[in-house]
Amino acid sequence: MANTRADSRISGPPAPTGMTRQAPLIGIALKLASTLVFFAMVTALKIAAERVPIGELVFARNFFGLFPVLIMVGMRRELGLAFKTQNPKGHLVRACIGLSAMVCMFTAFDLLPLPDATAINFATPLLVVVLAYFLLGEQVRIYRWSAVGVGFLGILVVLSPHLGEGAAVNASTLGAVAGFLGAGFAALAMITVRKLCETERTSTIVTWFSLAATLISLLTIPAGWIWPSQAWVLPDLETAGLLVLIGLFGGAGQILLTQSYRYADASTIAPFDYINMIWAILIGWLVFAEEPVLEVILGAVIVIAAGIFVIYREHKLGLDRTKHRRASTPSKS
């Protein structure tokens, strides 16, 4: 669920200016609200997953989530521009990767307790560092490599209760593997978004993803011909309501997240993503009677500490790069 600001180097009118302002408290409040709304989506998802297959859940998330996205784009007066792109192939690749991440993470939330699946998802920012080094050629020094290494140790601690017990392949193991793959696909999606931002607007990226993901998710229908448990079903009224809520909560959460970055820097906002662990423990306990095991809590603390250090280093390096550009720019006086 990463949010980025698109570069304005695109044909057509430039994006409106003056749409951001420094109001960190508002930005943090919007970020916290987005985490709560996203977890309302996850709660509805976990309940609905007992009745409908993952592919149908993914379709509902993207189809019904498209409406809040279009409302947001329309309010920014970019509805026409949102469909114009210089790189349709890039958007389709990003949609396929993002959809893969969604399928894997939805599977993890279905098969694992909420705290476990949430902690595994915290591997995403660590994997972004690794992929940025290998795919984008970004320079990563020893401090961030050390944090990534420590973070992966934390992930292993989280995974330990789900691996090497009982049958070689069981629901818990499958959920753990799916969760880690989902984190990997999510990190790869962030990398593709970074590349898209070189030519595309934020509204274009979000709109194309929602549309493409909705259409591509229909390809999961034939999966039911092979695996009967994954066959799409005609939902009853209650389940249909849950499917609508999954999409609306997902779309609303994306809007709140997008707006939060208009009021505060990414380095200020990003650490509050780890509030998700609190919601996971509370909702898991109150709604699903799930109690997190010690290994999950310990591993989550390790991963969160590593993630916050990575965010701190990214912020510090960003400041250093800004100072360097200013120092190397000739004075106009």
Side-chain angles (χ1 to χ4, degrees), residues 1-12 15 38 54-66 68-70 72-73 78-108 120-121 123-138 140 177-223 230 247 250-251 253-255 257-258 261 266:
M1 306 182 186
N3 180 62
T4 55
R5 281 178 275 182
D7 196 310
S8 61
R9 290 174 292 175
I10 184 173
S11 58
F38 276 132
I54 296 297
E56 194 169 352
L57 293 174
V58 171
F59 171 79
R61 161 63 183 91
N62 289 289
F63 177 73
F64 294 112
L66 180 61
V69 167
L70 291 177
M72 179 192 72
V73 173
E78 295 182 354
L79 195 57
L81 291 172
F83 294 94
K84 296 180 180 179
T85 177
Q86 297 181 5
N87 188 7
K89 181 180 178 181
H91 287 290
L92 291 177
V93 171
R94 183 264 190 273
C96 290
I97 295 172
L99 204 61
S100 299
M102 201 174 291
V103 168
C104 290
M105 287 312 305
F106 282 15
T107 301
I120 294 171
N121 194 39
T124 298
L126 305 175
L127 290 168
V128 168
V129 174
V130 176
L131 292 176
Y133 174 78
F134 286 106
L135 299 181
L136 300 181
E138 292 187 5
V140 180
V177 172
F180 189 74
L181 287 175
F185 280 121
L188 189 56
M190 292 182 186
I191 297 297
T192 61
V193 169
R194 285 189 187 183
K195 297 297 292 182
L196 284 173
C197 283
E198 295 176 1
T199 59
E200 307 292 283
R201 293 170 175 264
T202 300
S203 56
T204 303
I205 295 172
V206 172
T207 303
W208 269 75
F209 173 75
S210 297
L211 283 171
T214 297
L215 294 175
I216 296 172
S217 62
L218 291 173
L219 297 177
T220 62
I221 293 177
Q230 294 303 310
Q254 187 63 52
I255 290 174
L257 181 63
T258 300
Y261 285 93

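Only this structure's heavy atoms are used, side chains among them; waters, hydrogens and symmetry mates stay out.
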Q.
Measuring from atom CZ of F64 to atom OG1 of T214, what distance do you get when rounded to the nearest 0.5 angstrom?
A. 10.0 Å
Q) Considering all heavy atoms of both residues, which atom of L66 and which atom of S210 are nearest to each other, and what is their separation? A) CD1-CB, 3.4 Å
Q: Mind running side chain to side chain contact (heavy atoms under 4.5 Å, CB included) on I191 and I97 for me, showing each step along the way?
A: CA-CA 10 Å; I191 297 297; I97 295 172; over 6 Å; no
Q. Once you round to the nearest 0.5 Å, how far does CG of L219 lie from SG of C96?
A. 8.5 Å
Q. Would you say the side chain of L99 lies within less than 4.5 Å of the side chain of V58, judging by non-hydrogen atoms?
A. yes
Q: Would you mind reporting whether H91 and T204 have side-chain heavy atoms less than 4.5 Å apart?
A: yes
Q) Which heavy atom in L131 sits nearest to a heavy atom in G184, and how many Å separate them? A) CD1-O, 4.2 Å
Q) Do W208 and L196 come within less than 4.5 Å of each other through their side chains, counting heavy atoms only? A) no
Q: Carefully, step by step, assess Q230 and T220 under the rule side chain to side chain contact (heavy atoms under 4.5 Å, CB included).
A: CA-CA 8 Å; Q230 294 303 310; T220 62; over 6 Å; no
Q) Minimum heavy-atom separation for L127 to A187, with atom names? A) CB-CB, 3.6 Å
Q: Provide the closest heavy-atom pair for L92 versus A212 in the form atom of the first, atom of the second, distance.
A: CD2-CB, 4.2 Å
Q.
Return the CE to CD1 distance between M102 and I216, rounded to the nearest 0.5 Å.
A. 11.0 Å
Q: Check step by step if side chain to side chain contact (heavy atoms under 4.5 Å, CB included) holds for V193 and K195.
A: CA-CA 5 Å; V193 169; K195 297 297 292 182; over 6 Å; no
Q. Could you walk me through whether L188 and L135 pass the side chain to side chain contact (heavy atoms under 4.5 Å, CB included) check?
A. CA-CA 9 Å; L188 189 56; L135 299 181; 3.6 Å; yes
Q: To the nearest 0.5 Å, tell me how far F180 CZ sits from F185 CZ.
A: 12.0 Å
Q) If you measure from CG on N62 to CG on L57, what distance do you get to the nearest 0.5 Å? A) 11.0 Å
(Q) To the closest 0.5 Å, what do you measure between CD (E200) and NZ (K84)? (A) 12.5 Å
